[in-house]
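Written out below as structure tokens is the structure these notes cover.
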Amino acid sequence: MKLPPTRLRNLTVALLEKRGVPADSARLQADLLLEAELRGLPSHGLQRLPLLLSRLDNGLANPTTRGNGTWQRDAFLSIDGEGGLGPVVVMNAMRVMQGALKETGLAVAAIRNANHIGMLAYYAEAAASDGLIGIVMSTSEALVHPYGGTQAMLGTNPIAIGIPADGDPFVLDLATSVVSMGKINSHAMRGLPIPPGWAMDRDGRPTTDPHAAKAGAIAPFGDAKGYGLGLAIELLVAALAGSDLAPDVHGTLDDIHPANKGDLVILIDPSAGSGSTAALAAYLDRLRLSRPLDPTQPVAIPGDGARARRAATAKTGIELPQPLFEHLTALEAA
């Protein structure tokens, strides 16, 4: 069923405020979930809301904190998320970091104990819209098998990079696994098989059953390359945030454990360098105009597709599984 974004945004805000989340924080959390829906990423959208509400109900998510940060060095901010809502903790960290950029030109925030931060592109694009380079990384439960292995040992460990350019910024957001667990959950919710190559079952056999995949392990993208990049992010985030490593991480997929994964945000002021946003934009346009493999499919830049889907979905409405909408409206009425 297709629903107006405004209706879903108001519903989400109401459900969060009902659980003690301040209005501005509720709007921020709702905005992140709705942005994922608008951009065609339902795995990071409203299907995550029931779990978040349950975590609030169970005292595993702190509705009011924005996190507690300490500057360990002039450009290094260490943050205890205090169980706060992920978007609230991260966006507050970015606000604090911007205050240091005038002096340092670069700032790093290492975050522990925050709830799931959702779609990383949201933060990278926010940084780029402010004229800054933004790099965001996050870890998760052990969901991905190492190259040459069959057991889930690493997180999906996504990374997002936002770079300002005249006009639309460059925004790259990718998991180091073939797919996120959220997409597998989305297929399971819709009763759809997953494509071959996405995952193995608990016995290490390739599977197209999303339920078997949830009990097994997701493949790293690009075989050894994705495994290596995912492991590098795992180690980098844990080294700086002091967060747990994937086999001991909980809390982004359940409502019984505190969230103990880590997040890393890097902001860079490009005005300290000698590059040109106009030159970057011109190069991106040259790429778009370069000869495509399929004449009907022009070459695209990371972020182009998400912006196009957002514009289209804003007009046509968000496609939401009816059972999920009925569940959320029942919570609203309760």
Side-chain angles (χ1 to χ4, degrees), residues 2 5 31-32 34-45 94 101 105-106 118-138 156-180 182-183 186 195 197-198 219-226 228-230 232-233 265-319:
K2 289 193 174 183
D31 189 51
L32 182 134
L34 266 294
E35 278 297 309
E37 295 284 354
L38 288 167
R39 299 180 193 205
L41 196 65
S43 60
H44 287 62
M94 291 174 65
L101 290 178
L106 178 148
M119 178 182 65
L120 269 58
Y122 185 88
Y123 312 103
E125 187 163 359
S129 296
D130 288 337
L132 303 173
I133 294 170
I135 304 172
V136 188
M137 301 172 225
S138 188
T156 53
N157 299 353
I159 180 171
I161 302 172
I163 303 174
D166 286 3
D168 293 327
F170 170 89
V171 182
L172 173 71
D173 183 358
L174 57 86
T176 53
S177 53
V178 168
V179 67
S180 70
K183 285 191 178 179
S186 181
W198 274 18
F221 86 83
D223 296 330
K225 293 181 180 180
L229 180 58
I233 292 173
V265 181
I266 302 169
L267 295 182
I268 304 170
D269 182 355
S271 67
S274 54
S276 161
T277 55
L280 298 184
Y283 175 54
L284 295 179
D285 284 340
R286 286 181 66 187
L287 286 169
R288 292 183 179 100
L289 295 171
S290 64
R291 185 170 59 249
L293 178 64
D294 180 349
T296 66
Q297 297 291 329
V299 174
I301 300 299
D304 286 353
R307 282 186 285 268
R309 287 190 295 273
R310 189 192 192 287
T313 307
K315 293 179 180 178
T316 62
I318 292 172
E319 185 74 41

Looking only at non-hydrogen atoms, find the nearest pair between [X] and [Y] and report the distance.
X      : Y      : value
Val179 : Thr156 : O-CG2, 4.2 Å
Val178 : Gly197 : CG2-O, 4.2 Å
Gln297 : Pro292 : O-CB, 3.3 Å
Ser180 : Ser177 : N-OG, 4.2 Å
Leu120 : Asp173 : N-OD2, 3.5 Å
Pro164 : Ala128 : CB-O, 3.5 Å

Give, for atom [atom1] of [X] and atom [atom2] of [Y], the distance between the pair rounded to the nearest 0.5 Å.
X      : Y      : atom1 : atom2 : result
Ile159 : Ile233 : CD1   : CD1   : 4.5 Å
Met94  : Asp130 : CE    : CG    : 7.0 Å
Leu101 : Asp269 : CG    : CG    : 6.0 Å
Thr277 : Asp166 : OG1   : CG    : 3.5 Å
Leu280 : Phe170 : CG    : CZ    : 10.5 Å
Arg310 : Leu34  : CZ    : CG    : 9.0 Å

Are [X] and [Y] packed together at the side-chain level, in the sense that at least one heavy-atom pair is separated by less than 4.5 angstrom?
X      : Y      : value
Leu41  : Lys183 : yes
Val136 : Tyr122 : no
Met137 : Ile266 : yes

Legend entry - Stepwise side-chain contact (heavy atoms from CB on, under 4.5 Å) test for Glu35 and Glu125: CA-CA 12 Å; Glu35 278 297 309; Glu125 187 163 359; over 6 Å; no

Inset, instruction - Test Thr313 against Arg39 for side-chain contact (heavy atoms from CB on, under 4.5 Å), laying out the working first. - result: CA-CA 8 Å; Thr313 307; Arg39 299 180 193 205; over 6 Å; no

